Chemist: 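Have a look at this one before I ask anything.
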Amino acid sequence: MSINNELIKELKKQGQSIKPILFIGKNEITDTVYEAMLLALKARELIKVKIQQNVEVDLDDLETRLNKDNAYLVQKIGRTLLLYRKKDD
């Protein structure tokens with residue numbers, strides 16, 4: 001599954017009103033943090049993730065992992081990521 005431009009536009013619009021629910025700290029994205037992301041996406045479909053200062057995150061690696069789990073990096077603004085995963089029916 002991939003997402004089209006129309007859906008991306010709508011998700012960005014929705015993302016303006018939500019607050020970050022996960023914060024990436026000095027331990028970067030561990031397996032535990034990644035699993036928490038997936039659980040949050042399962043519950044909410046659209047989440048914001050904030051990357052703390054002085055933390056390097058390989059976004060290409062994260063995007064690859066997300067895509068394997070049918071999730072997507074919709075937008076990156078500064079140190080804030082907007083992630084989406086369609087809810088299972």
Side-chain angles (χ1 to χ4, degrees):
M1 180 191 134
S2 64
I3 53 177
N4 61 37
N5 289 337
E6 188 175 310
L7 179 57
I8 290 172
K9 187 175 180 180
E10 180 61 31
L11 292 171
K12 287 179 179 180
K13 184 178 175 182
Q14 291 175 21
Q16 291 178 359
S17 63
I18 63 176
K19 302 273 186 220
I21 62 167
L22 284 173
F23 295 86
I24 308 297
K26 64 181 178 180
N27 293 328
E28 299 178 0
I29 300 178
T30 62
D31 289 338
T32 305
V33 172
Y34 183 73
E35 289 299 319
M37 272 186 212
L38 292 180
L39 284 173
L41 284 166
K42 186 175 183 179
R44 299 181 184 217
E45 232 180 27
L46 186 67
I47 64 169
K48 270 190 184 173
V49 177
K50 182 76 172 178
I51 302 169
Q52 300 298 315
Q53 293 292 338
N54 302 321
V55 175
E56 292 297 321
V57 173
D58 183 352
L59 291 180
D60 292 331
D61 180 52
L62 175 60
E63 196 163 12
T64 300
R65 287 178 77 182
L66 288 168
N67 290 340
K68 286 181 184 176
D69 289 309
N70 294 319
Y72 301 92
L73 173 60
V74 175
Q75 185 178 38
K76 177 188 178 287
I77 297 178
R79 302 190 70 75
T80 303
L81 310 176
L82 185 63
L83 307 178
Y84 169 76
R85 181 178 179 205
K86 183 173 172 47
K87 274 193 177 179
D88 299 328
D89 292 329

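Residue numbers start at 1 and run along the sequence shown. Model, not experiment: these values are computed from the prediction.
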Chemist: To the nearest 0.5 Å, tell me how far Thr80 OG1 sits from Gln75 CD.
Modeler: 9.5 Å
Chemist: If hydrophobic clusters are built by linking Ile, Leu, Val, Met, Phe, Trp and Tyr wherever their side-chain heavy atoms come under 4.5 Å apart, do Leu83 and Ile21 end up in the same one?
Modeler: yes
Chemist: Looking at Val49, Ile24, Ile51, which one forms a side chain to side chain contact (heavy atoms under 4.5 Å, CB included) with Arg79?
Modeler: Ile51
Chemist: Please confirm whether the backbone N or O of Ile18 pairs with a side-chain atom of Lys48, one donor and one acceptor, at under 3.5 Å?
Modeler: yes
Chemist: Quick one: pull up CZ in Arg85 and CE in Met37 and give me the separation to the nearest 0.5 Å.
Modeler: 13.0 Å
Chemist: How long is the straight-line distance from CG of Leu62 back to CD1 of Ile29, given to the nearest 0.5 Å?
Modeler: 4.5 Å
Chemist: With no hydrogens and no angle check, is any side-chain donor or acceptor of Tyr34 less than 3.5 Å from a backbone partner on Arg65?
Modeler: yes
Chemist: Just by modelled atom types, is the Gln14 backbone N or O under 3.5 Å from a matching donor or acceptor in the Lys12 side chain?
Modeler: no
Chemist: Membership question, hydrophobic clusters at under 4.5 Å side-chain separation (ILVMFWY): are Val33 and Tyr84 in the same one?
Modeler: no
Chemist: Do Val74 and Leu22 belong to the same hydrophobic cluster, where Ile, Leu, Val, Met, Phe, Trp and Tyr are linked whenever their side-chain heavy atoms lie under 4.5 Å apart, directly or via other members?
Modeler: no
Chemist: Quick check: is Phe23 connected to Val55 through a chain of hydrophobic side chains (ILVMFWY, heavy atoms under 4.5 Å apart)?
Modeler: no
Chemist: Does CG in Asn4 sit with more than 12 non-hydrogen atoms of other residues, nucleotides or ligands closer than 6.0 Å?
Modeler: yes
Chemist: From Thr64 OG1 over to Leu59 CG, what is the distance, rounded to the nearest 0.5 angstrom?
Modeler: 10.5 Å
Chemist: Applying a strict under-4.5 Å side-chain criterion to I, L, V, M, F, W and Y, I'd like to know whether Leu73 and Leu46 cluster together.
Modeler: no
Chemist: For a quick test of reading the model, state the closest non-hydrogen atom pair linking Glu45 to Lys87 and the distance between them.
Modeler: OE2-N, 3.0 Å
Chemist: Starting at NZ of Lys42, measure out to CG of Leu38 and round the result to the nearest 0.5 Å.
Modeler: 10.0 Å
Chemist: For Leu11 versus Leu82, what's the shortest heavy-atom pair and its separation?
Modeler: O-CD2, 3.6 Å
Chemist: Gln52 and Gly25: which non-hydrogen atoms are nearest, and at how many Å?
Modeler: CG-CA, 4.1 Å
Chemist: Within this structure, what is the NZ-CG distance for the pair Lys86 and Asn70, rounded to the nearest 0.5 Å?
Modeler: 11.0 Å
